[in-house]
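As a basis for the values below, the full set of heavy atoms in this structure was taken, side chains included, without hydrogen atoms, waters or symmetry mates. On a predicted model such as this, the values are computed, not experimentally measured, just so you know. Along the sequence shown, residues carry numbers from 1.
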Amino acid sequence: MSPSTPSFDVVVVGGGIVGLATAHAVARTGRSVAVVEREQQLARHQTGNNSNVIHSGLYYAPGGYKARLAVAGCAETVAFCREHDLPHEVTGKLVVATEPEELPRMAELKRRGDANGVENHELDQAGMREHEPHVRGIAALYVPSTGITDYKAIAEKIGELVGKEGGEIHLGRAVHQIVRRADDVVVRTDSGDLLGKQVVVCAGLRCDDVAKAAGADPGVRIIPFRGEYSGFSDRAAELVKGLIYPVPDPAFPFLGVHATRGIDGHVHAGPNAVLALAREGYSWGVVKPKEFLQTITYPGMLKVAQRHWKYGFGEMHRSLSRKAMVKQIQRMLPDVRAEDLHRAGAGVRAQAVKADGTLVDDFLFVEQGSGAGSVLHVLNAPSPAATAALPIGREILEKLTGEKLAPL
């Protein structure tokens with residue numbers, strides 16, 4: 001190892017919002033830190049391609065990471081945006097039951113929200129229409145703390161703060177191996193090595209591959225699910241004031257196709273959840289045969305397909321047919337028509353799946369060792385990780401060092 005190899009207290013692999021928030025937490029303690037990102041810009045994938053919703057913490061099983069960190073992150077994200085003059089709005093949202101069989105699931109959501117300390121209110125049809133006059137349903141929950149923002153802008157601001165605090169950000173450097181040694185860790189990239197006393201991997205869609213490159217058994221495979229969005233015409237956009245969500249299917253960690261008025265004023269509906277044909281498969285036209293073969297031959301994916309093939313075909317149908325997509329939207333917004341919809345981009349969710357077919361629901365951390373020479377892998381951090389990023393960063397710092405850091 002060359003004496004000139006740059007050395008840091010912590011090297012963070014991944015320049016999405018979770019990696020940047022981790023680097024920010026590390027830098028706040030006075031430790032030296034570097035972020036290594038394979039793309040030429042920050043927040044290129046999950047952070048920059050999502051609904052941009054500030055989640056309240058309503059949905060998540062009490063006591064888990066998501067429940068605790070999303071509730072804290074909701075308030076912290078709003079405070080961060082206010083402090084740095086970033087676009088955001090606390091709009092509140094409706095979760096709408098459209099069929100009687102959804103009512104017990106909505107009651108469970110209320111129970112979870114109450115347990116997590118999330119303010120929520122049960123509404124009848126008249127009550128829900130006070131918030132959203134054009135919505136159709138039989139009952140709803142209103143959650144006032146939910147909001148909207150621009151997570152790419154937040155991530156870029158956090159990156160700026162990391163630099164101001166003495167941290168370094170290295171773009172366009174893909175990590176191909178991580179070597180643990182007695183007192184440090186070598187991070188090998190395609191443009192030279194870096195040394196870290198400790199390493200944190202927040203590699204999103206590539207986190208399982210990087211774990212293997214570090215000699216870890218991730219215990220999961222990342223399955224990429226593309227979530228496509230449909231933009232509303234000006235006519236249809238007038239039907240939506242804020243955020244309108246369905247009652248989610250508890251069999252999946254997805255929240256269902258929802259209507260969102262974004263921070264730019266445009267309204268979109270989505271995302272669906274279609275198996276992507278590549279890790280970064282943002283459209284049907286992006287196909288990487290080797291990656292797709294690895295996905296569909298993974299035992300866990302085979303079990304998911306066996307259990308949920310009807311759901312999968314339904315999602316594909318909605319992806320390929322505007323009529324099928326609008327039918328889903330019309331359950332809550334009956335006045336939206338197929339001709340009101342246009343394609344409005346897509347994101348890819350990095351969903352961790354176990355070999356037994358379990359879709360991992362909570363955030364997942366796997367540690368290789370402790371102290372100097374250790375590596376911590378973040379192996380499941382899809383939604384609501386953007387909302388929860390600032391407290392996730394402090395959680396990771398505590399796992400690395402035992403040090404509890406106060407919120408900003």
Side-chain angles (χ1 to χ4, degrees), residues 14-22 43-61 64-71 73-74 77 146 149 151-152 154-155 200-211 218-229 245 248-258 260 270-276 278-282 295 300-301 304 308 311 315 345-354 357-366 377-393 395-396:
I17 195 168
V18 173
L20 292 164
T22 301
R44 174 68 184 79
H45 293 295
Q46 291 184 104
T47 303
N49 298 283
N50 61 70
S51 298
N52 281 314
V53 171
I54 304 172
H55 288 286
S56 63
L58 174 77
Y59 298 97
Y60 313 114
Y65 284 118
K66 279 188 177 181
R68 179 164 54 86
L69 299 175
V71 171
C74 180
T77 299
T146 304
T149 188
Y151 283 114
K152 192 169 189 296
I154 292 175
V200 181
V201 178
C202 304
L205 286 158
R206 301 280 170 181
C207 64
D208 55 341
D209 288 343
V210 179
V220 294
R221 174 75 58 84
I222 292 299
I223 303 298
F225 285 96
R226 182 171 64 256
E228 299 159 331
Y229 294 93
Y245 276 65
D249 185 335
F252 303 98
F254 314 125
L255 299 185
V257 171
H258 49 269
T260 303
N272 54 9
V274 180
L275 184 64
R279 291 286 177 111
E280 291 89 13
Y282 288 97
T295 294
M301 186 61 218
V304 170
H308 304 300
Y311 178 90
E315 292 294 280
V348 180
R349 177 190 180 103
Q351 177 61 51
V353 177
K354 295 180 181 178
T358 302
L359 281 74
V360 178
D361 194 27
D362 208 353
F363 301 143
L364 178 63
F365 305 99
V366 170
H377 299 271
V378 181
L379 285 168
N380 195 58
S383 179
T387 297
L390 291 168
I392 289 174
E395 184 84 14
I396 289 171

Could you check whether any side-chain heavy atom of [X] comes within less than 4.5 Å of a side-chain heavy atom of [Y], counting everything from C-beta outward?
X	Y	answer
V378	F365	yes
M301	V353	no
D361	Y65	no
T295	P224	yes

Mind checking the [atom1]-[atom2] spacing from [X] to [Y]? Nearest 0.5 Å is all I need.
X	Y	atom1	atom2	value
R279	R206	CZ	CZ	6.0 Å
I223	R349	CD1	CZ	13.0 Å
Y229	N272	OH	CG	9.0 Å
R226	Y282	CZ	OH	11.0 Å
S383	K66	OG	NZ	6.5 Å
H55	T77	NE2	OG1	10.5 Å

Look at the side chain of [X] and the backbone N and O of [Y], then say whether any donor-acceptor pair between them is shorter than 3.5 Å.
X	Y	answer
T260	S51	no
T47	I17	yes
N49	R44	yes
N380	A352	yes
Q46	G204	no
E315	A273	yes
D208	R221	no

Could you pull out the closest heavy-atom pair between [X] and [Y], with the gap in Å?
X	Y	answer
L20	A155	CD1-O, 3.4 Å
L69	A388	O-CB, 3.5 Å
G281	A276	O-CB, 3.7 Å
L379	A211	CD2-CB, 4.3 Å
C74	S56	SG-CA, 3.9 Å
I392	V18	CG2-CG1, 3.8 Å

Please test K354 against V360 for side-chain contact (heavy atoms from CB on, under 4.5 Å), starting from the C-alpha separation and ending with a verdict.
-> CA-CA 7 Å; K354 295 180 181 178; V360 178; 4.0 Å; yes
Check the pair V53 / Y151 against side-chain contact (heavy atoms from CB on, under 4.5 Å), numbers first and verdict last.
-> CA-CA 9 Å; V53 171; Y151 283 114; 5.8 Å; no
Y245 and H258 aromatic ring geometry - parallel, tilted or perpendicular at 30°/60° bounds | parallel
Is a salt bridge present between R68 and E395, judged by a nitrogen-to-oxygen distance below 4.0 Å?
-> yes
Under the side-chain contact (heavy atoms from CB on, under 4.5 Å) criterion, do V71 and Y60 qualify, and how do the steps go?
-> CA-CA 10 Å; V71 171; Y60 313 114; over 6 Å; no
